[in-house]
S.K.: 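First, the structure itself, so that you have it in front of you.
Here is how names work: the chains are called A, B, and so on, in the same order as the sequence lines, proteins then strands, and each is numbered from 1.
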Number of protein chains: 2
Amino acid sequence: MTNKYLKIFNDIVDQIESGEVSTNSLLPSENELRIQYDTSRETIRKALNLLAQKGYIQKIRGKGSLVIENGKFNFPVSGLISFKELADKMEGSVRTIAHDVSLIKPTPYIQKQLQLTNKDLVWQVIRTREINGKKIILDKDYFHQKIVPELTKEISEDSIYHYLEKELNLPISFAKKEVTVVEPTAEDRQFLDLEGFYNVVVIRNYVYLEDATLFQYTESRHRPDKFKFVDFARRNH
Amino acid sequence: MTNKYLKIFNDIVDQIESGEVSTNSLLPSENELRIQYDTSRETIRKALNLLAQKGYIQKIRGKGSLVIENGKFNFPVSGLISFKELADKMEGSVRTIAHDVSLIKPTPYIQKQLQLTNKDLVWQVIRTREINGKKIILDKDYFHQKIVPELTKEISEDSIYHYLEKELNLPISFAKKEVTVVEPTAEDRQFLDLEGFYNVVVIRNYVYLEDATLFQYTESRHRPDKFKFVDFARRNH
DNA sequence: AAGTGGTCTAGACCACTTC
DNA sequence: AAGTGGTCTAGACCACTTC
């Protein structure tokens, strides 16, 4: 990958995250960065716009690019990230248990969610996520068999996303997400350590490839006390 | 505002939302659009990249810009949007009641959230949102007095964001958001029609101006059955 | 081979901030 | 007046898709 603006972006992210450039200070100007990285101004601007979009800097006209404080929000549940990637950043011991990995004829509900025809089969993966010995999250994943021909328990207990991207070279591109709060089902009570909680948080995820085909539907069901969602948003004027 | 790429962006959004260009069809190529709008390709690309970022299109190399289906997700709770703007798009009757609009010495908790000194005062606004006659949302807003010198009950029952942006010309720029689920407080029980629900969804919002100053802290407390959060996310490779 | 989008360049003019 | 970021241009070369 010879992608200049991404290299510059990553370089500056590293500088911010390592504390090499400090919060509330200004980055070098676009003109200085242009000279420093031996490139054109538009390429620098591409890197800086990415930094702004991800909440690292705030660009202020006439002044420069201000590094903004992001310390207490560095827990990126927002966006598209797999549980494995997330767990790597978390405190406490974390374990994934795959209860069921099987190729099934989809229920009408799943068939509708994944927009399948009557002949399509899906991989169903039922997993729980244990944090510090408690079953906190129930993940139900459904994958279009035409796109994911094979899945195993081993893969499901490691990282399915890693397998899809690195082994199958499936380019995961975007997702639509919906968060609601509902009463626990019998299944939730069976698989989770609910300890008297009266609600579960349900995150429905519809995941698409780069060619815009829908290939995965996921329900991630969380015990409410352990659920936290953070987001960084820019206002559209 | 003579902003070519935003005009092109809005023009294409209108075409998509009115159904003039249909889902699963390709937009004209960048080269065709360049001629059509009499501009340069980079300007067209700026407009198309905005469309991609907001989930209207998926760009596919070698093929074109595919209009993607967004119908069932056109309820934009995600991002930065005020309740008034949201209510305008919602079904059912909606009413805002301001219970308290006053200039106070902040509690230690609020002082910490807004990073205030001991001498700063804040405007406190306590509002409930009624949907179809039920009190569903309790909003607690705190504004830095130095930035918002004056607030009234009338403004609070209309749209504070509209007042801040159009009257005070405050450029609202970005926000950090946190969603959790907690047990109702006595205050929640007093102000909301909880009807036996055991949890409330709490959305904490830290709102910043264009010069990156923090000026507002909000807690929006929702009855769980009426809460829904939708999001469109692109994966970072 | 022709058409598509992705990256990069060197330059221009402008609005805003600082001094 | 000098420095900052925001927008726009016209052109180049490349990777991928289609035929």
S.K.: For A:L66 and D:dG5, give me the distance from atom CG to atom C1', rounded to whole Å.
M.R.: 14 Å

S.K.: With respect to the phosphate group of C:dT7, does any side-chain polar atom (N or O) of A:K4 fall under 4.0 Å of OP1 or OP2?
M.R.: no

S.K.: Whole Å only: how far is the CZ atom of A:F9 from the C1' atom of C:dT7?
M.R.: 17 Å

S.K.: Under a 3.5 Å threshold, yes or no: a donor from one side chain and an acceptor from the other, between B:T213 and B:D211?
M.R.: yes

S.K.: Using the rule given for side chain to side chain contact (heavy atoms under 4.5 Å, CB included), can you reason through B:I160 versus B:F143, listing the C-alpha separation, both sets of side-chain angles and the distance that settles it, and then say yes or no?
M.R.: CA-CA 11 Å; B:I160 293 182; B:F143 299 90; 3.6 Å; yes

S.K.: Counting Watson-Crick and G-U wobble pairs with both distances under 3.5 Å, what is the dot-bracket string for DNA chain C, 5' to 3', using [ ] for crossing pairs and | for pairs to another strand?
M.R.: ||||||||||||||||||.

S.K.: Tell me whether the OP1 or OP2 atom of C:dT4 has a side-chain N or O from B:S29 closer than 4.0 Å.
M.R.: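 Yes, B:S29 has a side-chain N/O under 4.0 Å of OP1/OP2 on C:dT4.
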
S.K.: Check whether B:S18 reaches the backbone of B:D14 with its side chain - one donor and one acceptor, N or O, closer than 3.5 Å.
M.R.: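 At least one qualifying donor-acceptor pair exists.
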
S.K.: List in chain and number order the residues that pass salt bridge (charged side-chain N to carboxylate O under 4.0 Å, His left out) with A:R41, two or more places apart in sequence or in another chain; answer none if no residue qualifies.
M.R.: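 Partners of A:R41 by the salt bridge (charged side-chain N to carboxylate O under 4.0 Å, His left out) criterion, ordered by chain and then number, come out as A:E30.
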
S.K.: For A:E154, check side-chain contact (heavy atoms from CB on, under 4.5 Å) against everything at least two apart and list the hits.
M.R.: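 A:T152.
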
S.K.: Just how far, in rounded Å, is P of C:dT17 from CZ of A:R61?
M.R.: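 To the nearest whole Å, that distance equals 8 Å.
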
S.K.: Determine whether B:F9 and B:K46 satisfy the following criterion, side chain to side chain contact (heavy atoms under 4.5 Å, CB included), listing intermediate values before the conclusion.
M.R.: CA-CA 8 Å; B:F9 167 77; B:K46 248 185 179 166; over 6 Å; no

S.K.: Can you name the residues that form a salt bridge (charged side-chain N to carboxylate O under 4.0 Å, His left out) with A:E219, not counting sequence neighbours?
M.R.: A:R204, A:R221

S.K.: Among residues 37-48 of chain A, which ones have heavy-atom contacts with DNA chain D below 4.0 Å?
M.R.: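 Heavy-atom contacts with DNA chain D come from A:R41, A:E42, A:R45.
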
S.K.: A quick test of your reading: do over 12 heavy atoms of other residues, nucleotides or ligands sit less than 6.0 Å from CG of A:D38?
M.R.: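 Not buried by this count: 12 neighbours or fewer within 6.0 Å.
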
S.K.: Can you check the A:L33 CG to D:dG3 C1' distance for me, whole Å?
M.R.: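 Taking atom C1' of D:dG3 as the reference, CG of A:L33 is at 14 Å.
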
S.K.: Take the protein atom CZ of A:R34 and the nucleotide atom P of C:dA10, then report the distance between them rounded to whole Å.
M.R.: 9 Å

S.K.: Measure the distance from NZ on B:K7 to P on D:dT7 and round it to the nearest whole Å.
M.R.: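 So the NZ-P distance, B:K7 to D:dT7, works out to 13 Å.
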
S.K.: Below 4.0 angstrom from OP1 or OP2 of C:dT7, is there any side-chain N or O of A:Y5?
M.R.: yes

S.K.: Rounded to whole angstroms, how far apart are CD on A:E30 and P on C:dC16?
M.R.: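 Whole-Å distance recorded here is 17 Å.
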
S.K.: Taking atom C1' of D:dG3 as reference, at what distance in whole Å does atom CD of A:E32 sit?
M.R.: 10 Å

S.K.: Quick check on C:dG5: is either OP1 or OP2 less than 4.0 Å from any side-chain nitrogen or oxygen of B:N49?
M.R.: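 Indeed not, no polar side-chain atom of B:N49 lies that close.
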
S.K.: Using OP1 and OP2 only, check whether a side-chain N or O of A:N31 sits under 4.0 Å from D:dG3.
M.R.: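 No, A:N31 has no side-chain N/O under 4.0 Å of OP1/OP2 on D:dG3.
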
S.K.: Nearest 0.5 Å, please: how far is OH in B:Y217 from CD in B:Q113?
M.R.: 4.5 Å

S.K.: Which residues satisfy the ring-ring contact (aromatic ring centres under 6.0 Å, His included) test with A:Y142, sequence neighbours excluded?
M.R.: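 Partners of A:Y142 by the ring-ring contact (aromatic ring centres under 6.0 Å, His included) criterion come out as none, since no residue qualifies.
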
S.K.: C:dT4, OP1 or OP2 - any side-chain N/O from B:K59 closer than 4.0 Å?
M.R.: no

S.K.: Under 4.0 Å between a side-chain N or O of B:N3 and OP1 or OP2 of D:dT7?
M.R.: yes

